[in-house]
Protein chains: 2
Amino acid sequence: MNHKTLLDYINKHINLTVEEEAILFSKVVHRNYLKDQYIVQQGDTCKHTNFIISGCTKTFYMDEKGQEHIVMFSIEDWWTSDLGSFITQTPADFNVQCLENTQLIQFTTESLEALYIEIPKLERFFRKVAERAIVASQKRIIQNFSLSAIERYQIFKKTYPEIDQRVPQYMIASYLGITKEFLSKIKSELIQKQ
Amino acid sequence: MNHKTLLDYINKHINLTVEEEAILFSKVVHRNYLKDQYIVQQGDTCKHTNFIISGCTKTFYMDEKGQEHIVMFSIEDWWTSDLGSFITQTPADFNVQCLENTQLIQFTTESLEALYIEIPKLERFFRKVAERAIVASQKRIIQNFSLSAIERYQIFKKTYPEIDQRVPQYMIASYLGITKEFLSKIKSELIQKQ
DNA sequence: AATGATTGTTAATCTAGTTTAACATCATTT
DNA sequence: AAATGATGTTAAACTAGATTAACAATCATT
């Protein structure tokens, strides 16, 4: 079963009994999306937090000028959703779209609330997930401020080598906050130096 | 007692009995810092998460070139610390320094762990605090990407009018990710338009 | 009241990154 | 094999914001 990926992940943080595992999986939905499908759409209220079993997604924001800004990529063993929309049940600021065929495990607000009551340990687990997300998010803020585009690209490649391979270059430019043309220039400069 | 501020804040999210409130306050420390004192220092391991009862702090990062980058300001009713350092107990990336005399309530890792056992409801509370922090952090990432410095400044003023008043202008420039000279230029342009 | 420290302004020059636009490469479909 | 669409490259002209440097204004402190 594909539930194993999620269990392995959870068991890094807390220990569930076999019964608790059964309760957990009775309350989640296993779902497949195709490449290019949207998991969350800007403006809709986000109904799920999603754990990725396989595949790859981009979370992006479309500004008033129609420009796409990629906030994060997510792959196997990561979470994806518009957390802001999900927790406050207000319209989403972000889109989440599949870059590959993607298998998810979905938690609704209701199923999570029910799970928190039946398995209080899960509060701890999701607190830890949230804490880790804050740390990652704050690291990004620092980097965007104090580093040049070249430095940010080099760090990106080191930190997420898999993603650098799997995702088209113009999306990486968007993630880095620069144009695709400038990323292209950076890359050719980096090659010439070596 | 000054504990009231924290209780009011907690009671927005969960309900504590009088006994639980007593347990909570038996495990925290109430502490005063003077203007300019450091609550957290880059390189040290961060020992506390701090709830601010009164005063104002800046959280900043000092880069290799010796430049200061302000990640956030915090005032009454907000939390401050280097969460990344605190939760992983590794050296802090950030400094937290008081911009005014500041009164805090401090939670250590040990007191929090003990509290989570004695009052499991607090897991939920701190999960919610963490979730809100993620949302705020992600909003900042979007803004830095898709908006010009002028737009970011206008949003800052609207979102945190109190802070705009209480904090020197060059620090606001640092928070916005621009130089103090450029912020000065922006402000005079905005005044001329009206 | 005077001195120096801290904060803020203005203007000239400079640069990292954008825009535009034309072209090249690669994949997918017919 | 040709055609279409998606992705990537290069180069010239442009702009938001940085840097430098000189000067005001505001403030504590003696």
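Values in this document were obtained by computation on a predicted structure and should not be read as measured data. Side chains are part of it too, since the values below use all heavy atoms of this structure and drop only hydrogens, waters and symmetry mates. Lettering follows sequence order; numbering is per chain, from 1.
- When the P atom of dA18(D) is taken as reference, atom CG of L176(B) falls 10 Å away, rounded to whole Å.
- Salt-bridge formation is detected for the pair K58(A)/E68(A): a Lys NZ or Arg NE/NH1/NH2 atom is positioned less than 4.0 Å from an Asp or Glu carboxylate oxygen.
- Between the CD atom of E68(A) and the P atom of dA6(D) there is a distance of 13 Å, given to the nearest Å.
- The interatomic distance linking L147(B) (CG) with dT18(C) (C1') rounds to 16 Å, in whole Å.
- Applying the ring pair (Phe, Tyr, Trp, His ring centres under 6.0 Å) test between F107(B) and each of W79(B), F25(B), F125(B) identifies W79(B) as the sole match.
- By the 30° and 60° cut-offs, the orientation of the rings of Y116(B) relative to F126(B) is perpendicular.
- Ion pairing between a basic and an acidic side chain is recognised when a charged N comes within 4.0 Å of a carboxylate O; E110(B) and K27(B) show no such pairing.
- Taking the C1' atoms of five terminal pairs at each end of the helix from dA1(C)-dT30(D) to dT30(C)-dA1(D), the two resulting helix axes are inclined by 40°, rounded to 10°.
- A cation-pi arrangement, defined by a distance under 6.0 Å to the six-membered ring centre and an angle within 45 degrees of its axis, is absent between K185(A) and F182(A).
- We find that CD of E151(B) is positioned 14 Å from C1' of dG17(D), with the value rounded to whole Å.
- Here dA16(D) presents its P atom at 11 Å from CD1 of I186(B), a figure rounded to the nearest Å.
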Grab the N/O contacts between the protein and nucleotides 23-30 of chain C below 3.5 Å, and write none if there aren't any.
none

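- In this model, no donor atom of one side chain and acceptor atom of the other lie less than 3.5 Å apart for N95(A) and Q41(A).
- Residue N144(B) contributes atom CG, which lies 18 Å from atom P of dA16(D) at whole-angstrom precision.
- Rounded to a whole Å, the CD1 atom of I150(A) is 8 Å from the P atom of dA16(C).
- Note on E123(B) versus K121(A): no salt bridge recorded, every NZ/NE/NH1/NH2 to OD/OE distance being 4.0 Å or above.
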Can you tabulate the close N/O pairs, meaning under 3.5 Å, that link protein atoms to atoms of nucleotides 9-13 of chain D?
{"unit_1": "dT9(D)", "atom_1": "OP2", "unit_2": "Q169(A)", "atom_2": "NE2", "d": "2.6"}
{"unit_1": "dT9(D)", "atom_1": "OP2", "unit_2": "S184(A)", "atom_2": "OG", "d": "3.0"}
{"unit_1": "dT9(D)", "atom_1": "O5'", "unit_2": "S184(A)", "atom_2": "OG", "d": "3.3"}

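- Not one side-chain nitrogen or oxygen of T179(B) sits closer than 4.0 Å to the OP1 or OP2 atom of dG17(D).
- Regarding K65(A), its NZ atom lies at a distance of 12 Å from the C1' atom of dA16(D), rounded to whole Å.
- The side chain of R152(B) contributes an N or O atom lying less than 4.0 Å from OP1 or OP2 of dG17(D).
- Under the 6.0 Å cut-off for aromatic ring centres, Y160(A) and F73(A) do not qualify, their centroids lying 6.0 Å or more apart.
- Between L83(A) and V135(B) the shortest heavy-atom distance is C-CG2, 4.4 Å.
- Centroid-to-centroid, the aromatic rings of F60(B) and F94(B) stay 6.0 Å apart or farther.
- Side chains of E151(A) and S148(A): a donor on one and an acceptor on the other come within 3.5 Å.
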